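This report concerns only the one structure given below.
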Amino acid sequence: MRSVAITVNGERRELQLEPRELLVYVLRERLALTGTNVGCDTSSCGACTVLLDGESVKSCTVLGVQADGCEITTIEGLAMNGALHPVQQAFHEQHALQCGYCTPGMVMAAVSLIESGEAGSEKAIREGLEGNLCRCTGYHNIVKAVAAAASVTA
Ligand code: FES
Ligand code: FES
C-alpha cells in the first residue's frame with residue numbers, strides 16, 4: 001500500500017492505495033464518485049475521462065498512485081452553486097445525449113478542448129473528441145453543443 005494525497009473537485013483526499021489500482025476505480029469505488037463511467041477498461045471509449053491538472057485523461061489508463069499530488073476534476077465538480085457548467089448547459093439545450101453513458105466523459109473532454117482553445121471549428125471539435133465514443137447520438141448534437149459552449153465561454 002502507498003499513501004497518496006489527491007485533490008478531487010477541490011477537496012484534498014488522503015488514501016492508502018495498492019499500486020495496481022486504476023484511477024477510475026479509485027474515484028468510483030473509494031471516493032463514491034460514480035459519475036465517471038467505465039465503458040471499456042481498455043482506453044478505447046473515453047467514458048472515464050476526467051481532468052488531471054487541467055488536462056483530460058482517460059482515468060482507466062492512469063494508476064491512482066500516479067495522481068499523487070495532483071488535482072482531479074470529475075463531472076461532479078463542474079456545476080457551481082447549483083448552476084450547470086456552460087458545457088453541461090449546452091449539452092442539455094442541444095439534446096446532446098440519449099442514454100447518457102458517454103456523457104460525463106464527453107463533457108469533461110469538451111471542457112478540456114474548450115479551455116485549451118482547440119474548439120474553434122466543427123472539424124477541430126470532431127478531431128478533439130475522436131477518443132470519446134457515443135453509441136447513441138450520431139455525434140451531431142454533441143458537436144453542436146460543444147460549439148455552443150465554446151462560443152459562450154470565449
Ligand atoms: S473505460 Fe476508459 S477509455 Fe473506456
Ligand atoms: S448518449 Fe448513449 S452512449 Fe452517448
Side-chain angles (χ1 to χ4, degrees), residues 2 4 6-9 13 15 17-79 83-116 118-119 121-153:
R2 260 189 55 188
V4 303
I6 310 173
T7 300
V8 183
N9 299 332
R13 310 296 294 259
L15 300 154
L17 299 182
E18 290 184 41
R20 64 175 183 82
E21 287 181 79
L22 296 173
L23 178 60
V24 67
Y25 292 111
V26 173
L27 294 170
R28 287 181 57 84
E29 294 176 3
R30 299 249 190 180
L31 301 177
L33 292 168
T34 54
T36 302
N37 285 330
V38 179
C40 67
D41 236 354
T42 54
S43 79
S44 303
C45 75
C48 63
T49 304
V50 299
L51 304 186
L52 189 152
D53 288 343
E55 301 267 333
S56 68
V57 296
K58 293 177 176 176
S59 59
C60 75
T61 68
V62 179
L63 295 168
V65 293
Q66 290 177 297
D68 189 20
C70 296
E71 292 200 15
I72 302 290
T73 306
T74 70
I75 192 73
E76 290 91 344
L78 284 190
L84 292 178
H85 183 283
V87 174
Q88 293 174 306
Q89 186 68 34
F91 269 61
H92 173 63
E93 290 172 0
Q94 302 293 331
H95 308 291
L97 59 136
Q98 289 182 26
C99 79
Y101 201 83
C102 71
T103 308
M106 200 67 86
V107 167
M108 299 313 291
V111 168
S112 172
L113 201 63
I114 292 169
E115 287 183 355
S116 60
E118 294 169 52
S121 67
E122 179 181 335
K123 183 170 182 289
I125 293 168
R126 286 186 183 274
E127 285 178 2
L129 295 180
E130 68 184 2
N132 290 72
L133 304 182
C134 175
R135 63 185 179 179
C136 303
T137 67
Y139 300 97
H140 186 66
N141 286 3
I142 292 174
V143 174
K144 268 175 41 185
V146 178
S151 68
V152 167
T153 55

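Each ligand, and each atom within it, is numbered from 1 in the order the structure gives. The structure presented is a predicted model; accordingly, all values stated were derived computationally and were not measured.
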Option passing side chain to side chain contact (heavy atoms under 4.5 Å, CB included) with Lys58 (candidates Thr49, Val24, Leu23):
Thr49

Please evaluate residues Arg2 and Leu17 with respect to the criterion side-chain contact (heavy atoms from CB on, under 4.5 Å), reporting the C-alpha separation (whole Å), side-chain torsions for both, the decisive distance (0.1 Å), and the verdict.
CA-CA 5 Å; Arg2 260 189 55 188; Leu17 299 182; 5.6 Å; no

Quick one about Asn132 and Tyr139 (side-chain donor to acceptor, distance below 3.5 Å, no hydrogens or angles considered), yes or no?
no

May I ask you to list the atoms of ligand 1 that are less than 4.0 angstrom from any heavy atom of Cys60?
1 (S), 2 (Fe), 3 (S)

Tell me the nearest of Ser43, Gly39, Ser44 to atom 1 (S) of ligand 1, using heavy-atom distances.
Gly39

Could you enumerate the protein N, O or S atoms under 2.8 Å from atom 2 (Fe) of ligand 2, written like residue then atom name?
Cys99 SG, Cys136 SG

Of the side chain and backbone of Cys45, name the one, both, or neither that has a heavy atom under 4.0 Å from an atom of ligand 1.
both

As an exercise, state the distance from CD1 of Ile72 to CG of Leu27, rounded to the nearest 0.5 Å.
6.5 Å

Give me the nearest non-hydrogen protein atom to atom 3 (S) of ligand 1 as residue plus atom name, then the distance to 0.1 Å.
Gly46 N, 3.2 Å

Give the atom numbers and elements of ligand 1 that come within less than 4.0 Å of a heavy atom of Cys40.
1 (S), 3 (S), 4 (Fe)

For Val146, which of Leu129, Val87, Asn141 qualifies under side chain to side chain contact (heavy atoms under 4.5 Å, CB included)?
Leu129

Measuring only between side-chain heavy atoms, which start at C-beta, is Ile75 closer than 4.5 Å to Gln88?
yes

With a 4.0 Å heavy-atom cut-off (strictly under), which part of Ser59 contacts ligand 1: side chain, backbone, both or neither?
neither

Thr61 contact mode with ligand 1 (heavy-atom cut-off under 4.0 Å)
neither

Pair Asn9-Thr73, side-chain donor/acceptor within less than 3.5 Å
no

Look up atom OG in Ser59 and atom CG in Leu51, then write down how far apart they are to the nearest 0.5 Å.
10.5 Å

Before you tell me yes or no, could you show the steps for Leu22 and Val62 under side-chain contact (heavy atoms from CB on, under 4.5 Å), namely the whole-Å CA-CA distance, both residues' side-chain angles and the distance that decides it to 0.1 Å?
CA-CA 6 Å; Leu22 296 173; Val62 179; over 6 Å; no

